[in-house]
*Asks:* 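Below you will find the structure I want to go over with you.
We use all heavy atoms of the structure for the numbers below, so side chains are in, but hydrogens, waters and symmetry mates are not. Order of listing sets the numbers, starting from 1, for every ligand and every atom in it.
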Amino acid sequence: MNTPIKGRCTLVGAGPGDPELLTLKAVKAIASATVLLVDDLVNDAVLEHASPKARIVHVGKRGGCKSTPQVFIDKLMISAVLEGEHVVRLKGGDPFIFGRGGEEVENLRQAGIDVDVVNGITSGQAALTGLGVSLTHRDHAQGVLFMTGHAQPGAQGPDWPSVAQVCHQQRITLLIYMGTSRSALIQAGLLQGLPAKTSVAVVQNASRHDQRYAVTTLDALHNTLHNEGIGSPCIIAVGDVLTVLCALKEKSSLPLRCAA
Ligand code: SAH
């Protein structure tokens with residue numbers, strides 16, 4: 001007979017950065033963890049909820065180090081659970097919006113381990129909320145599309161002209177994660193299906209004290225990122241819901257460009 005597994009694992013969304021955006025469920029899970037495996041984009045302030053006895057392992061790219069290979073993280077999670085630990089895997093934003101939460105759940109289940117998942121506020125959502133812009137303002141949009149700007153190794157990545165056509169025809173707000181390093185390619189692709197003057201916002205470090213953003217138009221996306229020095233972690237938001245912000249920028253002397 002198999003010995004029952006004593007430990008357990010919870011995947012927890014740490015939200016976009018502001019520690020006050022954690023859910024109560026996330027706080028409870030963090031507090032009850034005996035081992036925490038913490039991703040790169042998680043604000044350390046959320047670790048204040050952890051027990052002083054908990055073992056905290058950073059598995060991100062901080063300090064210029066390479067990120068921990070996914071296989072190693074999976075092994076670490078599984079072995080800690082088998083040793084009877086309550087493992088909390090802390091991920092930036094929501095665990096199931098990019099960030100490999102789905103793969104981790106599959107691997108844990110394959111090892112016979114049950115896993116709970118706690119939602120977090122995804123950075124794309126927080127980015128526009130921070131600007132006071134509704135993703136689905138009914139005068140401008142009837143849906144939202146979450147896309148990655150980063151192709152998987154060996155894969156082609158999104159077909160931006162097709163994405164642009166759908167967004168244009170269906171009035172969809174487009175949120176692009178991990179897009180800054182490919183912004184020239186994304187811009188060129190999107191311009192094949194969306195008007196050049198479509199409104200765009202780029203938001204770095206959404207919800208953090210060092211949040212910065214710029215509003216621009218699609219034909220100036222790449223240059224804006226470059227000129228303003230806005231880089232990762234950044235959300236590129238595209239769509240008519242941003243038009244009011246862009247118009248404000250043109251009219252006013254408000255410090256709209258950078259929130260910091
Ligand atoms: N699971 C995360 C996304 C992980 S992918 C979530 O739901 O937010 C990593 C990408 O998320 C980054 O490259 C960036 O595009 C985006 N991101 C994460 N945190 C961010 C933040 N505070 N501000 C802007 N973008 C952020």
*Asks:* Do Lys197 and Asp219 sit within salt-bridge range, that is, some charged N less than 4.0 Å from a carboxylate O?
*Replies:*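 The answer is yes: the pair qualifies as a salt bridge.
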
*Asks:* What's the shortest distance from atom 3 (C) of ligand 1 to any protein heavy atom, and which residue and atom give it?
*Replies:*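 That would be Ile97 O, 3.5 Å.
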
*Asks:* Counting only N and O atoms by type, is there a donor-acceptor contact under 3.5 Å from the side chain of Thr122 to the main-chain atoms of Gln125?
*Replies:*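 A pair under 3.5 Å: no.
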
*Asks:* Please determine whether a side-chain nitrogen of the Lys or Arg among Arg89 and Asp39 lies less than 4.0 Å from a carboxylate oxygen of the Asp or Glu.
*Replies:* yes

*Asks:* Have a look at ligand 1 and work out which part of Thr148, if any, has a heavy atom under 4.0 Å from it: side chain, backbone, both or neither.
*Replies:* neither

*Asks:* Tell me, please, which residues at least two apart from Asp74 pass side-chain contact (heavy atoms from CB on, under 4.5 Å).
*Replies:* Gln70, Met77, Glu104, Asn107

*Asks:* Counting only heavy atoms, which portion of Leu41 has something under 4.0 Å from ligand 1: side chain, backbone, both, or neither?
*Replies:* side chain

*Asks:* Among all protein non-hydrogen atoms, which one is nearest to atom 23 (N) of ligand 1, and what is the separation to 0.1 Å?
*Replies:*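 Protein heavy atom at minimum distance: Ala206 N, 2.8 Å.
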
*Asks:* State which residues pass side-chain contact (heavy atoms from CB on, under 4.5 Å) with His137; sequence neighbours excluded, sorted by chain then number.
*Replies:*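 Ser134, Asp139, His140, Val241.
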
*Asks:* Does the N or O separation between Asp94 and ligand 1 drop below 3.5 Å for any pair?
*Replies:* yes

*Asks:* Are Asp114 and Arg8 close enough, and set up right, to give a salt bridge (Lys or Arg N to Asp or Glu O under 4.0 Å), and what steps lead you there?
*Replies:* CA-CA 7 Å; Asp114 270 346; Arg8 62 198 171 102; over 6 Å; no

*Asks:* Any N or O of Met178 that comes nearer than 3.5 Å to an N or O of ligand 1?
*Replies:*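 There is such a contact, yes.
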
*Asks:* If the cut-off is 4.0 Å to any non-hydrogen atom of Gly93, which atoms of ligand 1 fall inside it?
*Replies:* 6 (C), 7 (O), 8 (O)

*Asks:* Between Gln156 (side chain) and Ala151 (backbone), is there a donor-acceptor pair under 3.5 Å?
*Replies:* no

*Asks:* What part of Asn205 sits under 4.0 Å from ligand 1 if we count only heavy atoms: the side chain, the backbone, both or neither?
*Replies:*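 Under 4.0 Å from ligand 1, Asn205 contributes backbone atoms alone.
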
*Asks:* Which atoms of ligand 1 sit under 4.0 Å from any heavy atom of Val203?
*Replies:*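 Here the atoms of ligand 1 in question are 24 (C).
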
*Asks:* Record the part of Ala126 in heavy-atom contact with ligand 1 below 4.0 Å; permitted values are side chain, backbone, both and neither.
*Replies:*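 Answer for Ala126: neither.
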
*Asks:* Minimum distance, heavy atoms only, to atom 18 (C) of ligand 1: which one of Ala127, Ala14, Gly101, Ser123 is it?
*Replies:* Ser123

*Asks:* Please determine, by modelled atom types, if His86 and Thr34 share a side-chain donor-acceptor pair under 3.5 angstrom.
*Replies:* no

*Asks:* Show me which atoms of ligand 1 lie under 4.0 Å from any heavy atom of Thr122.
*Replies:* 6 (C), 7 (O), 8 (O)

*Asks:* Enter the distance from Ile236:CD1 to Ile230:CD1 here, rounded to the nearest 0.5 Å.
*Replies:* 10.0 Å

*Asks:* Regarding atom 2 (C) of ligand 1: of the candidates Gly92, Pro16, Gly99, which has the closest heavy atom?
*Replies:* Gly92

